[in-house]
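Inspection log for the structure reproduced underneath, given as structure tokens.
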Amino acid sequence: QTSEAEVVVFSVPSYACQRRTTLENHNAVLTDALALLAENAELSEEEGRGVAFRRAAAVLKALPRPVTSMTELRGLPCLGDHSLRVIKDILENGASSEAESTKQSERYKALKVLTGIFGVGAKTADRWIREGILGLQQLQESGQTLNRAQQAGLEHYDDLNQPVTKADADVISEIVERAVVSVLPGAQMTLIGGFRRGKLSGHDVDFLITHPEEGREVGLMPKVVSWLESQGFLLYQKTTRNSERSRSGHKLWRAVRVDLVVSPISQFAFALLGWTGSKLFERELRRWAGHERNMSLSSHALYDNKQRIYLRATSEEEIFAHLGLEFIPPSERNT
Ligand code: TTP
Ligand code: MN
Ligand code: MN
Ligand code: MN
């Protein structure tokens, strides 16, 4: 006796950088739960577990319609036992008990509040929690020494935790553009990060600055920062010398986090690709390059480990071509 069943299964390539993922998500209930568990793992410095949940969520985001049964998931990549348990729980019971209990836990709530302070990472938050500090008031009363970033972060806590809208981003773009062309005529500024991917809100605004003549961009970052400061736009700045990157808060009607990246024109395409995100898309591109092509990709260059040469590119399209990947436009990198 034979029995036959026909099920429609989804087919999805295994690297997120091989897939087109728009902002339209048909499985938000599932991916929200997995994202919460990923965030909890990341905040607990369990990076591997975090990535596993992120990859699972990314596969579900790429599906063309809502998942209704576990059988539809057969053959899909990146769905580990743990993620499958979470999905099953939601499909059967409407919610994930693990995600719900995590969300309610004192530890998760404290980690969220404390890492919500600009300048506070998972390590610092964990140390404070072990010392019994679970919230902002307890932190202030504890007499802990805060560095300058954290002081600014605490002072502007509400502003910095309020999402930045596209309208905010447009206003800030104009200001940064003015700064850039004032200090170096001919310099060019590009919106990167989530807003380049078409997101309507974000936690900050990201810009990439370059000049068409190689070398003219040298020393540009401190000049842009000084200009912003002289105009009264700067609240706090942190510059990492070697990465030529600056994070600053700008006082407008509210404080907003801004990331500035300066790149020489020869590296522009790599910086553009490397800073457009999403974070998982970037991670997957580098994993693809390393594991499938024996190449090393960074936001500065692409190195072919076999031929032992740097591969040049003047556009994102060329980099995808070097990697043997179909070009995915920014709006479809929302993994
Ligand atoms: P974010 O601003 O953190 O992320 P986002 O813009 O995608 O999301 P949001 O809307 O919440 O701001 O980072 C922008 C991109 O920069 C991100 O997709 C990955 C990349 N990136 C880093 O975040 N850090 C790095 O050190 C490098 C090299 C790249
Ligand atoms: Mn951003
Ligand atoms: Mn950023
Ligand atoms: Mn690896």
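Atoms within a ligand are numbered from 1 in the order they appear, just like the ligands themselves. In this text, all values refer to a predicted model and were calculated from it rather than measured experimentally.
For ligand 1, the atoms sitting less than 4.0 Å from at least one non-hydrogen atom of Asp206 are 2 (O), 6 (O), numbered in the order shown with element in parentheses. In the vicinity of Gly277, heavy-atom distances shorter than 4.0 Å reach the ligand 1 atoms 18 (O). Near Lys199, the atoms of ligand 1 lying under 4.0 angstrom from a non-hydrogen atom of the residue are 8 (O), 9 (P), 10 (O), 11 (O). Against a heavy-atom cut-off of under 4.0 Å, Arg197 is close to the following atoms of ligand 1: 7 (O). Ligand-side atoms of ligand 1 in range of Gly193: 6 (O), range being under 4.0 angstrom from any heavy atom.
If you chain together hydrophobic residues whose side chains sit under 4.5 Å apart, Leu285 and Val12 never meet in one group.
Under the 4.0 Å criterion applied to side-chain N and carboxylate O atoms, Arg85 and Glu98 are not assigned as salt-bridge partners.
In the candidate list Arg283, Lys279, Glu282, Lys279 is nearest to atom 4 (O) of ligand 1, counting heavy atoms. Comparing heavy-atom distances from atom 24 (N) of ligand 1 across Phe281, Trp275, Phe270 singles out Trp275 as nearest.
Residues His211 and Glu217 bring no donor and acceptor atom of their side chains to less than 3.5 Å of each other. Residues Glu229 and Gln237 have side chains that never bring a donor and an acceptor to within less than 3.5 angstrom of each other.
Side chain of Asn305 to backbone of Asn294: a donor-acceptor contact under 3.5 angstrom is found. Of the possible polar contacts, one joining the Asn27 side chain to the Val67 backbone as a donor-acceptor pair under 3.5 Å is found. Trp288 places a side-chain N or O within 3.5 Å of a backbone atom of Leu323 that can act as its donor or acceptor partner. The main-chain N or O of Thr335 is found under 3.5 Å from a side-chain atom of Ser278 such that the two form a donor-acceptor pair. Side-chain atoms of Arg257 never come within 3.5 Å of backbone atoms of His203 as a donor-acceptor pair (strictly under, hydrogens ignored).
Contact annotation for Asp204 and ligand 1: heavy atoms of both the backbone and the side chain come within less than 4.0 Å of the ligand. The backbone of Ser278, and not its side chain, has at least one atom closer than 4.0 Å to an atom of ligand 1 (non-hydrogen atoms only; backbone = N, CA, C, O).
Between Gly194 and ligand 1, at least one N/O pair is under 3.5 Å apart. In terms of N/O distances under 3.5 Å, ligand 1 is not approached by Ser299.
Here the CG atom belonging to Leu208 is positioned 5.0 Å from the CD1 atom belonging to Ile192, to the nearest 0.5 angstrom.
Counting only protein atoms, the N, O or S atoms lying less than 2.8 Å from the Mn ion (ligand 2) are Asp204 OD1, Asp206 OD2, ordered by chain and residue number.
In summary, of the residues considered (Glu316, Glu282, Glu284), a salt bridge (Lys or Arg N to Asp or Glu O under 4.0 Å) with Arg333 occurs for Glu316 alone.
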